[in-house]
Amino acid sequence: MTAGWPPTPVAVLTPVLPGREVDLVGHLGDMREEPSPFAALESTHVARLVVIGQVRTIAGMKKVKRPLRMRYLLFTAVANSPADVFLEELRSTSGPAVDEVWNHCVRYPGHRDETRFHEYMRQNSVDAQQTFRAYDATVSEVRTALALRRRHLSFARKAQALPSSEIHEAFLKHFGLSAGGD
Amino acid sequence: MAATCAIDLSDVQGGILHGYRLEHAVHLSLHAGTTEAARRCLARLLDEGVTNALRPDSRPSSTLNVAITYAGFRMLGLSPVLLDRFPLVFRQEARARAPSLGDVGVSDPQNWEAHSGTGHVQMTVTAYADSAALLDERTTSLRDLLTDGGEVEVLPAQQTHALPQMVEHFGFADGGSQPCVEGVPVSDPTRSTVAGGGIPVGRSGWSPVKLGEFILGYADEDGHVAEDPTSILVRNGSYVVHRKLAQDVVAFEASLDRAAAESGLPRELVAAKVIGRWRDGVPLVLSPSRSIDDDTDLSKAKEPTPANDFRYLPHDRDGFACPHGAHIRRVNPRDAIVFGDRVHDTGRLTARHRIIRRGMPFGAPIDDAVSSEKDQERGLMFICYNADIERQFETIQRAWCTDGDAFYLGEDQDFLLANERSSGKMTIPVRGAPPKFITAPADLVVTRSMEYLFAPSIRALHRLAAGRFS
Amino acid sequence: MTEEVAPTITFPRPTNAAITMITPLEWWGVPWLRMQFQATRLFPYLKGLEQFRSVYFSRWSIVTGFHHNGPPQIKERPRTPYLVWEVLYSAETGPYIESFLTGIRGHIKRLWDSSQGFPGVDSVTDMSRYIADLSWADSYDYWAYRDASVRMILSGLEVSKEHAFLTSAAQSCGPEEFATIYTGFLRRRGGDL
């Protein structure tokens, strides 16, 4: 994680090997039942893998004479790192799990070849023309904030029953502080 | 109010657009073994006389209505093409929907009454009566009618009876606030119900709710006309949700005692804050404070028709009168769903999520029960009508009652309906002071059964009985 | 020593969701969108998403082709450029669509008017169907904090900001002064708890 780096989007769009599309969708389903390969990456807020292809033709659309024949894996993530740093963290921390996904894709070099891995991800990357994020905090800051919110609620519920003269001492005790120091 | 679309009330089943004002009802759930048996059952009910929505000059002594589940339509022989066009929420077993509605822990479907939500129930026949004695007679006669020939299994009947002064078991006036529906004559022409019963518009206006929000075949608030699976089946019909909810009155009263002690607020005020109305139905927004003491029993002093003409914005944006998490503010937020200053006409955000409620309590009031009956189950047979179960009932239940995020309340659930996954607290904002936090215990209300049904029009019922949709 | 707080069991929020929607653009879509994106870079308020406090992250990309990695990849490109939109949000999907059609309809129209088949911003039903028809469901999601909505996170961050001050006040003030400070904190942030 790059300390203080705002939540930054990453997107990579890679072609799925013909004949492996169903297998990939099945693998994404299996992943839901297992520990996530992204959980070990402290900088990752969210990560998403979606199999996409030719867009459906619905009312108001022009009929497509030559629809796309391949499926593509769209990988997007938001992490507190520049994209290349995030991808390196992904490669070095969860390499085997990454391989299990991207081995379904054309010409994926595997996680062990660092140079070719990054070249592959870079060449298949998709820029975002517009992004939105609700906050600038890191994952750690968000988790800390959520835990702190719960602790403050716990204290507030206790404190409402206390005379005001006792709130100070109760606060120090609840949050593990001592008066006049750390 | 001018009707913008003529509705044939003779074709709509009764009890939907207007309540019957009869104080006793019975629900009989049926399962037929064959398509012929199901159709004969329906035909017998039609011969008996299914009540329509026309208002007779004098109140009937009893009524009869029928609603059908997806499994029931399948047994009635609806073609697969038509069956597939019902909304997914209706096609699924009700049990499958339950977890997302907060039915976990004690309310988990594995604890529900036998057969409930499994697809076993095919039809529910509902009869109202003006006396308990007549209701018993009707229950017996309907059971005989329906089990004639032994082809139809009639599950144990569920009787419901209005409590004195139209309260529910927790002691609150109930049922007084209903949507004002466009084009539908009101029960009392001298009393406008659009203000409060309609949709808040602009700063102070109201408009009636579009008929299509409750009756299929008419334009809804989005201008759409719901017609799936086919207009001749669904027009003039309505989806209906039946949920049997057991209420733990002793635990509720204890929770009020605890909340009063935690908050330092008078007990009756805490009760009002939890619901959003005083026990007699007066809304907090209109009457944030009253001279009461702990001996006051507002449940015995019910307003004949509790005031309903109020909005939450701008005067109660902060929830100082009616807390953001109060029950009525959750189940009908009116204009209170806000997104900063971004949405100006906030009434639009609740317009498509209204329901008509026609439930009634079951079980003896705890005060009247002899000691052997005090542990017997009591509660509410919750019944609501809507054109789209997922958009209307389920959104209220899932997004507004079983979650607090829409009101900036995080994991706080409705005090009455909270389950084991709730935050366990309710926030009561206080003007000029820090908010109060009270403990909101889980499982004051426990789900005992649920079915999703459709109440077809009278004409559609005849066609179903004749097998015209196969 | 920190007073022990009973461990909180949290549950994944059922309403945390994601949409990946791909829409083919009209011939004028790419230059039009580039203009819109430039406008929101200059005037971020045009996006209007902040006040909803329901969107964690969102991104828009224009895809005109695919990098060719070599066989067996077929060399192909979409017949018209695609607008790829992805959003992660914490709300019921129906009310979420309703809220942005009601609150930022101008922005929605500017972004999607150049997408083929766009039904306009007048009907929630039509927009919901458009999104459902053009979204991709075969997916896997990871969330670092699946139990928290955007609003809970923003509330937590506000509380966090004040926590440092409160801590400092607790360690330097007397009981009476701290009680006043704490009361002020609760009046400001009590609704965030």
Side-chain angles (χ1 to χ4, degrees), chain B residues 99-102 104 220-226 318-319 324 337-353 388 390-392 394-396 398-400 402-412 420-425 427-437, chain C residues 6 8-16 45 47-55 89-107 122-129 147-156 179 182-193:
Chain B
S100 77
L101 303 176
V104 297
D220 63 17
E221 285 293 326
D222 204 39
H224 277 254
V225 178
D318 294 323
H324 303 107
I337 303 255
V338 293
F339 292 91
D341 298 324
R342 204 68 224 194
V343 178
H344 301 299
D345 212 354
T346 52
R348 296 308 310 158
L349 298 177
T350 55
R352 299 172 73 246
H353 310 287
D388 185 324
E390 185 169 19
R391 171 164 62 78
Q392 293 167 267
E394 286 200 347
T395 293
I396 295 170
R398 183 175 45 239
W400 293 347
T402 315
D403 191 50
D405 202 59
F407 312 103
Y408 296 80
L409 297 173
E411 308 117 314
D412 294 359
E420 61 184 24
R421 297 183 182 183
S422 176
S423 64
K425 65 94 172 158
T427 301
I428 299 179
V430 179
R431 188 185 300 278
K436 303 285 186 187
F437 303 104
Chain C
T8 304
I9 301 170
T10 59
F11 298 93
R13 293 181 54 76
T15 52
N16 283 11
Y45 74 87
K47 274 189 231 156
L49 290 176
E50 292 82 2
Q51 292 208 41
F52 288 88
R53 297 166 74 112
S54 325
V55 174
Y89 58 101
S90 55
E92 282 273 315
T93 300
Y96 165 60
I97 295 172
E98 213 165 55
S99 67
F100 69 62
L101 275 192
T102 311
I104 52 169
R105 49 195 291 119
H107 182 65
D122 291 330
S123 166
V124 178
T125 309
D126 290 344
M127 185 69 184
S128 299
R129 196 172 296 144
D147 56 348
S149 69
V150 176
R151 292 173 182 186
M152 288 163 64
I153 292 169
L154 293 173
S155 285
Y182 183 71
T183 301
F185 161 76
L186 266 193
R187 287 179 64 174
R188 283 189 305 279
R189 298 269 76 92
D192 287 310
L193 299 181

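Labels below follow one simple rule: chain letters A, B, ... track the order of the sequence lines, proteins then strands, and each chain is numbered from 1.
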For [X], is it the side chain, the backbone, both or neither that has a heavy atom under 4.5 Å from a heavy atom of chain B?
X: C:Ser155; answer: neither
X: C:Leu154; answer: neither
X: C:Asp122; answer: backbone

What part of [X] gets within 4.5 angstrom of chain C, counting heavy atoms only: side chain, backbone, both, or neither?
X: B:Asp318; value: neither
X: B:Ala433; value: backbone
X: B:Val338; value: backbone

Roughly how far, to the nearest 0.5 Å, is [atom2] of [Y] from [atom1] of [X]?
X: B:Ile396; Y: C:Glu92; atom1: CD1; atom2: CD; result: 11.0 Å
X: C:Leu186; Y: B:Lys436; atom1: CG; atom2: NZ; result: 10.5 Å
X: C:Asp192; Y: B:Leu409; atom1: CG; atom2: CG; result: 11.0 Å
X: B:Asp405; Y: C:Ser54; atom1: CG; atom2: OG; result: 7.5 Å

Atom of C:Glu98, atom of B:Leu349 and distance for their closest heavy-atom approach:
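Of all heavy-atom pairs spanning C:Glu98 and B:Leu349, the closest is OE1-O, 3.6 Å.
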Give me the atom names and distance for the closest heavy-atom approach of C:Arg151 to B:Phe407.
NH1-N, 4.3 Å
Among the options B:Arg348, B:His353, B:His324, B:Glu221, pick out the one with the most heavy-atom pairs lying under 4.5 Å from chain C.
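Winner by heavy-atom pair count: B:His353.
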Between C:Ala91, C:Gly190, C:Gly184, who has the most heavy-atom pairs with chain B when the cutoff is under 4.5 Å?
C:Gly190
Can you check whether B:Arg352 reaches C:Thr125 side chain to side chain, under 4.5 Å on heavy atoms?
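Yes, side chains in contact.
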Under the side-chain hydrogen bond (donor to acceptor under 3.5 Å, both in side chains) test, which residues partner C:Arg187, sequence neighbours left out?
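So C:Arg187 forms no side-chain hydrogen bond (donor to acceptor under 3.5 Å, both in side chains) with any residue.
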